[in-house]
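Report on the following structure.
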Amino acid sequence: MPELPEVETIARRLREVVKDKRLKTIQVLREKSFQGNPDLLVGSTIIDISRRAKILNFTFSNDLHLLVHLKMTGQLIFVDAGTRVGGGHPTDDWVNSLPSKHTRVVIDFEEPGTLFFNDLRVFGWMKVVDQAGVDQEYGKYAPDVNTTEFALQDFQEKLSKRSQPIKVALMDTSIVSGIGNIYANDALHLAKISPLRPAKSLSSKQVKAVYLAARAVIEKGIELGGATIKTYRTVDGLSGDYQSVVRVYQKESQPCLVCSTPIIRIKQAGRSTFYCPHCQK
DNA sequence: CATGTGCCCTGCATGC
DNA sequence: TGCATGCAGGGCACAT
């Protein structure tokens, strides 16, 4: 579910509440959700929380790392005396008592508080790795869209070799990381480029427009604490506000914000694509 | 190497 | 009500 802005938001929120806490117990309720030996973290203290692509990285005082990928339906919720902080896929588990039937891993700290990893579809994972493991995991991904390492020239070069639709290329983590379905759709609308265009068919000016638009929508997402799509309630400490400014994602038949033409929905690479047939060429 | 498809899982909304 | 289908913010293995 979460894309870069959502994961970044979770990293920032959790940093405030679990940094310097010492792990007391860790329960793995679903084997598939956890790789490695969880007991290696017991007694160790979280000294930092960071993010790369859509992966969260809890750094422990014993130089081990707990990496977390939330995939489509993962959530991380820290609970302490009634207050909840975190985020991820919005479900009733945001407000229901935890653990729930979707809770896969429970982490208790010596200090007050518990961190729940919930994941309805069980696509997500946690894994314990050393620094080499972190490097290996990060090495699978092209630069993050919101960094200087994501260079326009490299982007252009990669796109020039791709005949696949630009929308699909934008979501390819070997080209750029952090852009999922919400922001890929919105970036192309902002750039006024049709998602159907073969990547290699874009002019250099159009590539630049897509590049800048991708960075812009991701930045906006981070600024607003990510998107909480399809939720009927706002939960402090868990939801975000990008959905209030979303351009086309899940807006089939609704008027384009620019020209009022109804937004069209198609399917590309098995995922829904939304775009304005008038504005995006 | 680039591209397309299926698949990992569970739950919800929709339609018959 | 039951049942089938399609869809869900990700990414991998695999075939071609």
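When reading the values below, keep in mind they use all heavy atoms of this one structure, side chains included, and skip hydrogens, waters and symmetry mates. The sequence lines fix the lettering, A, B, ..., with proteins before strands; numbering per chain opens at 1.
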So, does [X] get its side chain near the phosphate of [N], meaning an N or O under 4.0 Å from OP1 or OP2?
X	N	answer
A:Lys54	C:dG11	yes
A:Ser272	C:dC7	no
A:Arg271	C:dG6	no

In terms of side-chain heavy atoms of [X], which of [options] is nearest?
X	options	answer
A:His102	B:dT10, B:dC8, C:dA8	B:dT10
A:Lys267	C:dC7, B:dT3, C:dG10	C:dC7
A:Lys161	C:dG11, B:dT3, B:dA2	B:dA2
A:Arg265	C:dG11, B:dC8, C:dC7	C:dC7
A:Glu3	B:dC9, C:dG10, B:dT3	C:dG10

Could you work out the separation of B:dG6 and C:dT5 based on their P atoms and round it to a whole Å?
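These two P atoms come out 15 Å apart once rounded.
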I'd like the C1' distance from C:dC3 over to B:dC8, given in whole Å.
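It works out to 24 Å between them.
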Kindly say whether the aromatic ring centers of A:Phe116 and A:Phe78 come within a distance under 6.0 Å.
no
Is it true that A:Phe34 and A:Phe117 have ring centroids separated by less than 6.0 Å?
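Aromatic pair excluded; centres sit 6.0 Å or further apart.
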Rounded to whole angstroms, how far apart are [atom1] on [X] and [atom2] on [N]?
X	N	atom1	atom2	result
A:Glu137	C:dG10	CD	C1'	13 Å
A:Asn181	C:dA8	CG	C1'	10 Å
A:Gln250	C:dA8	CD	P	7 Å
A:Met72	C:dG6	CE	C1'	13 Å
A:Ile229	B:dC12	CD1	P	19 Å
A:Leu70	C:dG11	CG	P	11 Å
A:Met171	C:dG11	CE	P	8 Å
A:Arg104	B:dT10	CZ	P	7 Å

What closest approach, in Å, do A:Asn96 and A:Arg84 show between heavy atoms, and which atom pair accounts for it?
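In terms of heavy atoms, the two residues are closest at O-NH2, 2.5 Å.
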Looking for any heavy atom pair under 4.0 Å, which part of the strands does [X] touch: base, sugar-phosphate only, or nothing?
X	value
A:Tyr141	sugar-phosphate
A:Arg162	sugar-phosphate
A:Lys101	sugar-phosphate

With both pairing distances under 3.5 angstrom for Watson-Crick or G-U wobble, and | for a partner in another strand, the correct string for DNA chain C is .|||||||.|||||||
For A:His65 and A:Gln131, does a side-chain donor sit closer than 3.5 Å to a side-chain acceptor?
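Looking only at side-chain atoms, A:Gln131 and A:His65 do form a donor-acceptor pair, the distance falling under 3.5 Å.
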Consider only side-chain N and O atoms of A:Ser239 and A:Thr234, and report whether a donor and an acceptor are under 3.5 Å apart.
no
A:Met72 vs A:His89 side-chain heavy atoms within contact, under 4.5 Å
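Not in contact.
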Quick check for you: to the nearest 0.5 Å, what is the distance between A:Gln164 atom CD and A:Asp172 atom CG?
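Going from CD on A:Gln164 over to CG on A:Asp172, the span is 6.0 Å.
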Which residue, A:Leu120 or A:Lys200, contacts DNA chain B at a nucleotide closer to its 5' end, judged by nearest heavy atom?
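Closer to the 5' end of DNA chain B: A:Lys200.
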Along DNA chain B (nearest heavy atom to each residue), the more 5'-positioned of A:Ser174 and A:Ala269
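It is A:Ser174, whose closest nucleotide lies nearer the 5' terminus.
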Stacked pair A:Phe123-B:dC9, distance under 5.5 Å, angle under 30°:
no
Regarding A:Arg51 and A:Glu8, does a basic nitrogen lie under 4.0 Å from an acidic carboxylate oxygen?
yes
Should A:Leu41 and A:Trp125 be regarded as members of a common hydrophobic cluster, given that ILVMFWY residues are connected when their side-chain heavy atoms come within less than 4.5 Å of each other, either directly or indirectly?
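No.
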Has the side chain of A:Arg121 got a donor or acceptor atom sitting under 3.5 Å from an opposite partner on the base of C:dA8?
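Donor-acceptor pair under 3.5 Å: yes.
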Return the 5'-most residue of the pair A:Ala53, A:Gly270 with respect to DNA chain C, ranking by each residue's nearest nucleotide.
A:Gly270
